[in-house]
Amino acid sequence: QVQVVESGGGLVQAGGSLTLSCAASVRTFSSYAMGWFRQAPGKEREFVAAINRSGSRSNYADSVKGRFTISRDNAKNTVYLQMNSLKFEDTAVYYCAAELWGMGSGEESVYDYWGQGTQVTVSS
């Protein structure tokens with residue numbers, strides 16, 4: 001049973017920073033591309049960032065480009081989302097997802113496993 005568990009959410013002031021972590025209980029973490037998605041109240045879930053299996057390539061939603069950084073540590077089975085210059089509109093539940101043999105897609109339908117989400121609230 002694959003488990004994906006996010007952590008690091010919380011309350012932060014606008015302009016502040018927060019780092020989310022996501023740990024996956026898989027035998028070979030490097031076989032999985034990882035993605036971050038978010039869902040704000042009353043809105044559809046949307047893509048935030050994704051990273052390929054080796055960590056050599058990443059892609060971002062335009063809304064977070066230049067402010068958020070995705071990275072991974074395959075030795076620790078963990079992917080991170082460093083969020084800087086946070087805005088009120090970044091408030092959402094953030095979800096981590098894993099895709100076996102993936103390339104780091106922004107399309108949520110390709111992901112095989114999802115976490116329960118972690119709440120990020122940015123106060124204005």
Side-chain angles (χ1 to χ4, degrees):
Q1 181 78 9
V2 174
Q3 285 191 316
V4 177
V5 180
E6 306 94 339
S7 61
L11 175 64
V12 62
Q13 287 190 328
S17 298
L18 206 59
T19 299
L20 304 183
S21 299
C22 169
S25 63
V26 295
R27 180 171 295 181
T28 311
F29 185 65
S30 58
S31 298
Y32 292 80
M34 302 297 294
W36 286 98
F37 294 78
R38 67 186 182 186
Q39 187 168 21
K43 294 188 177 182
E44 298 286 318
R45 188 158 58 187
E46 65 176 4
F47 169 70
V48 175
I51 191 165
N52 68 348
R53 287 171 277 145
S54 67
S56 62
R57 190 170 64 249
S58 56
N59 66 94
Y60 299 90
D62 288 343
S63 60
V64 306
K65 205 170 290 184
R67 300 188 298 121
F68 290 12
T69 302
I70 188 171
S71 62
R72 65 189 295 158
D73 185 338
N74 285 348
K76 295 183 178 180
N77 282 26
T78 301
V79 63
Y80 305 96
L81 185 67
Q82 172 69 44
M83 304 185 294
N84 298 327
S85 302
L86 281 161
K87 304 176 182 180
F88 176 74
E89 51 265 39
D90 294 317
T91 295
V93 177
Y94 282 71
Y95 296 91
C96 179
E99 181 195 5
L100 182 61
W101 303 119
M103 302 296 289
S105 170
E107 178 56 55
E108 66 174 87
S109 65
V110 307
Y111 287 86
D112 302 299
Y113 304 102
W114 290 81
Q116 292 298 306
T118 186
Q119 176 71 47
V120 172
T121 302
V122 183
S123 62
S124 57

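Numbering of residues begins at 1 and proceeds along the displayed sequence. Reckoned from all heavy atoms, side chains included, excluding hydrogens, waters and symmetry mates. Keep in mind the model is a prediction, meaning the values are calculated, not measured.
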| task | Is it possible for you to say whether V110 and Y32 belong to one hydrophobic cluster, with membership spreading through side-chain heavy-atom contacts below 4.5 Å? | result | no
| said: Checking side-chain polar atoms at under 3.5 Å, does S30 have a donor or acceptor matched by the opposite partner on T28? | reply: no
| Within 45° of the ring axis of Y95 and under 6.0 Å from its six-membered ring centre, is that where the NZ or CZ of R38 lies? | no
| field | V48 vs Y94 side-chain heavy atoms within contact, under 4.5 Å | value | yes
| said: Looking at K65 and D62, is any side-chain nitrogen of the basic one under 4.0 Å from a carboxylate oxygen of the acidic one? | reply: yes
| request: Group every Ile, Leu, Val, Met, Phe, Trp and Tyr by side-chain heavy-atom contacts under 4.5 Å, then state whether V79 and M103 land in the same group. | output: no
| said: Would you say that W36 contacts L20 through its side chain, given a criterion of any heavy-atom pair below 4.5 Å between the two side chains? | reply: yes
| field | Side-chain heavy atoms of V120 within contact of D90, under 4.5 Å | value | no
| Taking the side chain as C-beta and beyond, is there a heavy-atom pair between V12 and S17 under 4.5 Å? | no
| In terms of the angle between their ring planes, are F47 and F37 parallel, tilted or perpendicular, with boundaries placed at 30° and 60°? | perpendicular
| Within a strict 4.5 Å, meaning less than it, do heavy atoms of the F29 and R72 side chains meet? | yes
| Are the side chain of N52 and the backbone N or O of S105 linked by a donor-acceptor pair below 3.5 Å? | no
| said: Measuring only between side-chain heavy atoms, which start at C-beta, is C96 closer than 4.5 Å to W114? | reply: no
| task | State, with a plain yes or no, whether a side-chain heavy atom of R67 is found less than 4.5 Å away from one of K87. | result | yes
